[in-house]
Amino acid sequence: MTVLKTSMRNFFAHKGRMALSAVAVLLSVAFVCGTLVFTDTMNTTFDKLFAATSSDVTVSPKAAKSDNTPQNGRPDSLPASVLERAKKAQGVKYAEGAVSSMNVTVVNSANKNMGSSTGAPTIAGNWTRNDLRSMEITSGHAPRGPTETMVDADTADKHHLKLGDELRTIAVTGDFKARIVGIATFKVTNPGAAVVYFDTATAQRELLGTTGRFTNINLSAATGVTDDTLKQNVISSIGAGAYKVQTQKEYSDENRSGVGSFMNVIKYAMLGFAGIAFLVGIFLIINTFSMLVAQRTREIGLMRAIGSSRKQVNRSVLVEATLLGVFGSILGVGAGVGLAVGLMKLMSAAGMDLSTRDLTVKATTPVIGLVLGVVVTVLAAYLPARRAGKVSPMAALRDAGTPADGKAGLVRGIIGLVLTGAGTFALFTAAHADKASDGSLVLGAGVVLTLIGFVIIGPLLAGGVVRVISAVLLRFFGPVGRMAERNALRNPRRTGATGAALMIGLALVACLSVVGSSMVASATDELDKTVGTDFIIQGNQRIVPQAAKAIETTPGLEHVTHYRDIEARIVAPDGSSDSDGVTAADPTYAQDLHRKTTAGELTAAYGKDSMSVGSKFATKHHVNLGDTLTVAFKGGSTAKLKVAAITDDDVAIDQGARYLSTETMRKYLPADRIPPDQIMFASAKNGQEKQAYAALKKSMEQYPQYQVRDQSDYKQELKDQIGQLLNMVYGLLALAIVVAVLGVINTLALSVVERTREIGLMRAIGMSRRQLRRMIRLESVVIALFGALLGLGLGMGWGATAQKLLALEGLKVLEIPWPTIIGVFIGSAFVGLFAALIPAFRAGRMNVLNAIATD
């Protein structure tokens with residue numbers, strides 16, 4: 001009880017000093033809990049949606065995909081006769097055929113895409129009784145003919161649609177127009193999909209290209225009949241194995257699995273950044289308790305002198321850490337819920353609707369937050385607590401602090417150098433790996449080992465690095481600068497730990513910047529060397545035939561190239577095989593993309609019953625020029641094709657592609673199984689590039705789902721995409737940087753308290769308040785630049801090694817983004833200035849006499 005009282009008294013006596021450490025715990029726990037609440041809410045939203053939109057039992061084609069986008073662009077379907085047989089199953093209350101397709105684009109009269117901007121699908125289908133489970137018509141009526149359509153209320157609100165507006169639906173079977181006669185509102189949260197409805201006959205004709213077929217059959221169970229019983233009865237009625245028959249739970253689980261895998265990527269990525277924030281927070285907590293222990297050395301010595309044991313002193317510090325962890329974690333859990341709500345609002349503003357009505361806070365979430373926050377805080381405080389327990393009563397009564405342990409410093413240095421050396425060797429090994437998959441594991445080990453090694457040897461590096469920085473920066477500030485340098489060097493362990501917190505975040509920033517810049521530079525270099533076409537046309541969906549025809553008839557074009565990925569299984573002469581498919585293209589693709597060959601000529605691969613293979617495939621499957629491969633086309637027949645060329649796979653574009661001609665594909669694949677183009681290429685007639693570019697843009701105005709890019713556009717798009725990804729990562733890393741800044745603030749604040757008498761004496765012998773504040777600010781800048789220098793150097797090493805692995809995948813150019821690196825380094829100085837504002841202000845306001853009288 002005495003230990004608890006002492007701990008409580010010390011905790012509240014130093015609550016100001018604990019505040020920033022508590023904020024670090026709060027932020028880290030908030031990020032973890034916010035991530036869990038946000039992803040759980042997303043899962044709840046989709047669970048409710050899938051449960052509401054699925055019938056008691058669903059019958060669908062056996063080969064149907066969950067994303068409803070087969071290779072040929074038309075949804076898999078089943079005949080209406082299956083519906084008639086299913087209706088006769090015992091226990092069926094009612095049965096109806098449904099038509100649904102996600103491979104559509106809906107545009108208004110101005111050719112503006114009415115779909116979601118967040119990547120959510122546009123769903124077109126027929127209005128059925130089953131839709132009444134999840135929607136209600138709130139304006140107008142359901143479609144009754146080929147010229148009528150109904151849209152969901154969310155889409156109508158976003159795009160300002162109203163009754164009477166005309167919409168054009170673009171499907172692989174053709175374009176058709178209809179006017180809005182109804183608006184339906186979701187009874188559950190719609191995460192952002194745009195939904196349009198037609199009458200059944202129109203949906204069959206326009207979406208499937210035929211009548212008398214459905215994409216699935218919805219069955220409702222009669223009263224007292226379970227879903228499982230109805231499923232078995234339906235199977236008995238339509239025949240076992242011919243079609244996929246699922247209960248509501250099975251159908252929902254299948255749809256949820258696709259969403260769940262995507263959500264898990266988001267969840268674990270965000271938790272990874274939360275882990276980085278926790279790691280940075282550990283340094284803050286260690287520094288806080290180390291300095292508090294040092295400042296209370298005399299107090300601890302008195303406790304030991306009057307009978308407190310080492311365990312009691314140790315326990316007292318750990319109890320304080322527990323109180324800090326509990327306090328910060330409780331606030332963090334609450335802040336996490338607020339963060340999740342904020343993320344939901346942000347997603348809704350971006351077009352992905354998420355309702356706070358579905359906010360899901362599982363019982364495990366606050367428990368995880370509390371346990372994680374407390375455990376991390378206590379573990380971080382263990383070393384300072386152990387150090388406190390070792391304080392000798394007599395040494396504490398004689399000195400104001402604890403002398404450094406030279407042996408511990410030597411051991412620390414040896415361990416740090418060994419780990420750094422092992423990590424450097426791992427990075428060297430990864431850079432010289434033969435396979436990217438093998439090298440990535442070694443790279444990960446090298447990153448971890450060098451990071452831990454730098455953290456451990458940080459205090460040893462502090463002396464030399466700080467002196468170099470000071471020689472360049474602080475000499476301009478005269479005696480004040482020299483005093484700031486000595487203050488930074490006074491406690492290398494503290495400076496090292498404070499700089500390490502900033503080092504971690506900046507190392508990741510530098511690494512990702514190098515990787516991102518190298519990817520852009522490599523891709524740009526390869527585009528310049530290999531891409532010979534003038535224009536590239538592609539979108540998020542395959543290019544529908546009517547859009548392809550518009551491209552072909554554009555004036556000013558020398559040639560147009562079709563490019564399709566075809567599902568196929570390839571069997572080599574030695575009996576080995578793979579199912580990676582083939583690429584069907586026009587012979588002009590050899591001009592559009594210049595591919596080196598290790599054997600044969602690429603143009604020969606576009607000949608009759610010929611193809612090419614990549615060098616990696618040829619090596620793996622022992623394929624030589626002139627060999628015959630067996631190619632089984634999915635949905636088509638099996639062909640015997642001669643290997644007329646072997647392409648060099650030391651590239652990033654089309655690596656591993658196996659080419660054959662469009663005519664060869666048509667020979668072995670039925671017309672209704674031929675997929676639309678995945679991408680198309682076009683080259684202008686000589687001297688007509690600008691006119692052809694403008695004409696292509698005009699030709700594609702009616703198809704806004706596709707983009708026309710010249711090589712300059714394509715490079716900029718690539719740069720923008722990587723830039724957006726990096727900005728998102730930088731935003732998440734900002735949390736670690738914020739925690740690191742709190743560490744600098746806390747270190748300086750406690751350092752000012754520790755040097756109270758010293759500050760008073762300096763003020764007494766003539767140092768002005770301005771000089772004092774400047775000294776503290778310069779000390780902060782030096783510490784920040786120390787951390788930045790280590791972090792940026794370490795991160796560039798990681799990034800350069802990662803680029804060596806990317807070179808194995810064809811991305812061969814290493815580019816160091818010096819403007820970013822220099823900008824971050826200079827920005828770190830401003831971070832140091834900002835962190836010193838409050839400590840410097842407090843130091844300047846100290847009463848001189850009171851400061852001198854401080855014990």
[X] versus [Y], closest heavy-atom pair with distance:
X    : Y    : answer
L370 : S329 : CD2-CB, 3.7 Å
A431 : K804 : O-CB, 3.7 Å
A321 : A381 : CB-CB, 3.4 Å
G458 : F786 : O-CZ, 3.6 Å
A430 : L805 : O-CD2, 3.2 Å
A829 : V781 : O-CG2, 3.6 Å

Say you draw a straight line from [atom1] of [X] to [atom2] of [Y]; how long is it, rounded to the nearest 0.5 Å?
X    : Y    : atom1 : atom2 : answer
F825 : L789 : CZ    : CG    : 5.0 Å
Y730 : L725 : OH    : CG    : 9.5 Å
T377 : L318 : OG1   : CG    : 11.5 Å
L748 : T498 : CG    : OG1   : 7.5 Å
L506 : M796 : CG    : CE    : 11.5 Å
R412 : R493 : CZ    : CZ    : 5.5 Å

Determine all donor-acceptor pairs shorter than 3.5 Å in which one atom belongs to a side chain in residues 469-480; sequence neighbours excluded.
| residue | atom | partner | partner atom | Å |
| --- | --- | --- | --- | --- |
| S470 | OG | V466 | O | 2.7 |
| R475 | NH1 | E485 | OE1 | 3.0 |
| R475 | NH2 | E485 | OE1 | 3.4 |

Any side-chain heavy-atom pair from [X] and [Y] closer than 4.5 angstrom?
X    : Y    : result
V729 : F273 : yes
L343 : M270 : yes
R770 : R774 : yes
R777 : R773 : yes
M767 : M483 : yes
L733 : L512 : yes
V514 : W798 : no
L372 : V29  : no

Taking [X] for the side chain and [Y] for the main chain, is one N or O donor matched with an acceptor at less than 3.5 Å?
X    : Y    : value
R467 : G463 : yes
Q803 : L811 : yes
S780 : A835 : no
N727 : G723 : yes
T450 : T420 : no
T495 : A488 : yes
Q771 : S768 : yes

Kindly check if the number of other-residue, nucleotide or ligand heavy atoms within 6.0 Å of [atom1] ([X]) is above 12?
X    : atom1 : result
K715 : NZ    : yes
M762 : CE    : yes
I838 : CD1   : no

Check the pair V25, I285 against side chain to side chain contact (heavy atoms under 4.5 Å, CB included), reporting the backbone distance first and the verdict last. CA-CA 9 Å; V25 177; I285 295 165; 3.9 Å; yes
SB check E758 R490 (cutoff 4.0 Å): yes
So F283 and I504, side chain to side chain contact (heavy atoms under 4.5 Å, CB included) or not? Walk me through it. CA-CA 11 Å; F283 291 102; I504 295 170; 3.4 Å; yes
Looking at residues at least two apart in the chain, or sitting in another chain, which of them share a salt bridge (charged side-chain N to carboxylate O under 4.0 Å, His left out) with R769? none
Can you name the ring pair (Phe, Tyr, Trp, His ring centres under 6.0 Å) partners of F428, sequence neighbours left out?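 Applying ring pair (Phe, Tyr, Trp, His ring centres under 6.0 Å) to F428 gives H432.
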Any chance the side chains of Q724 and D720 put a donor and an acceptor closer than 3.5 Å? no
